[in-house]
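Notes for the one structure printed next.
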There are 2 protein chains.
Amino acid sequence: MFSATHNELAKIAKVMAHPARVAILEYISKQENCICNDLVDVIGLSQPTISQHLNEIKKIGLLKGTFEGKNLCYCINQERWEELQQSFHLFFSNINRNCC
Amino acid sequence: MFSATHNELAKIAKVMAHPARVAILEYISKQENCICNDLVDVIGLSQPTISQHLNEIKKIGLLKGTFEGKNLCYCINQERWEELQQSFHLFFSNINRNCC
DNA sequence: ATTTAATATTGCAATATTACGATGATATAT
DNA sequence: ATATATCATCGTAATATTGCAATATTAAAT
């Protein structure tokens, strides 16, 4: 029904459409290391909720690392991060100027 | 519960979190003039649905123009557009590089 | 082998979103 | 004044999202 580009951008935006996920992304991206077990304390939501939010973020490829075992170790997938940045940039950089 | 910045970015992203609204925004931003009465045909959703989506876009200040009468006349509020662009840019431009 | 710590999954309730038909409002044209 | 065209609003159904308690899984430590 909609173009692939529009669907893709909407999908990305949807992940960022919740303050908890914005906060999580910012927190992870600013960590020196990629240990994330304190996310529950930092954000202030329950562990299952955080886990769900992380999963949404993971689904669009924004996280990389090891996802097995007790202590996960993940961080921002920088290549994907820059792809998304580029998607938004492209979207915002085309706008007509002669208007009301 | 979350910071003002996080809430604000999430609010903006929420508006972009639907392909119809992405398509609407792109269409309006690329029009020479700002007559939008053909949006229903272009997008392919019913008139009430388009109206609702437009309202969501309006709520974050992305549209300007005259909103009364038969033929509305609105277009992208360029200043606001650039503000949003900047918000996303700021969000994406801080990321740690030493990671797994 | 048990225990422990960290994360995932399930189930469910509350709420929000999306879409549209029916109807209402408003300005222009006839 | 009446009809028409355009957009808004209301009501409502279907679906999605959000959050958490309870439970399960997993790997390391004891």
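To find a chain, count down the sequence lines: A is the first, B the second, and so on, and within it residues start at 1. Predicted model, so just to flag it, every value in this text is computed and none were measured.
- What separates CG of A/Asn55 from C1' of D/dT25 is a distance of 15 Å, to the nearest Å.
- When rounded to the nearest whole Å, the span between NZ of B/Lys11 and C1' of C/dA16 equals 16 Å.
- Each end of the helix from C/dA1-D/dT30 to C/dT30-D/dA1 gets its own axis from five base pairs, and the two axes differ in direction by 10°, given to 10 degrees.
- Across every non-hydrogen atom of B/Ile24 and B/Ile57, the tightest pair is CG2-CD1, 3.8 Å.
- Under the rule for a ring pair (Phe, Tyr, Trp, His ring centres under 6.0 Å), the partners of B/Phe92 that lie at least two apart in sequence or sit in another chain are A/Trp81, A/Phe88.
- Atom CG in B/Leu72 sits about 14 Å away from atom C1' in D/dT9, given to the nearest Å.
- The side chain to side chain donor-acceptor pair (under 3.5 Å) check on B/Glu56 picks up B/Lys59, with sequence neighbours excluded.
- Listed by chain and number, the residues in a side chain to side chain contact (heavy atoms under 4.5 Å, CB included) with A/Glu83 are A/Arg80 (sequence neighbours excluded).
- For the OP1/OP2 pair of D/dC7 and a distance below 4.0 Å, the side-chain nitrogens and oxygens of B/Ser51 include no atom meeting the criterion.
- For A/Lys11, there are no salt bridge (Lys or Arg N to Asp or Glu O under 4.0 Å) partners at least two apart in sequence or on another chain.
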**Prompt:** Which nucleotides of nucleotides 14-22 of chain D have their base under 4.0 Å from a protein heavy atom (B), which only their sugar-phosphate (S), and which neither (-), written as one string 5' to 3'?
**Reply:** ---SSBBBB
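- Taking atom CG on B/Leu54 and atom C1' on C/dA19, their separation rounds to 15 Å, with Å as the unit.
- A/His6 meets the ring pair (Phe, Tyr, Trp, His ring centres under 6.0 Å) test with no other residue; sequence neighbours excluded.
- Distance NZ/A/Lys30 to CD1/B/Ile95: 11.5 Å, rounded to 0.5 Å.
- With rounding to whole Å, B/Lys58 atom NZ is found 7 Å from D/dT9 atom P.
- Residues passing the side chain to side chain contact (heavy atoms under 4.5 Å, CB included) test with B/Thr49 are B/Leu45, B/Ser46, B/His53, sequence neighbours excluded.
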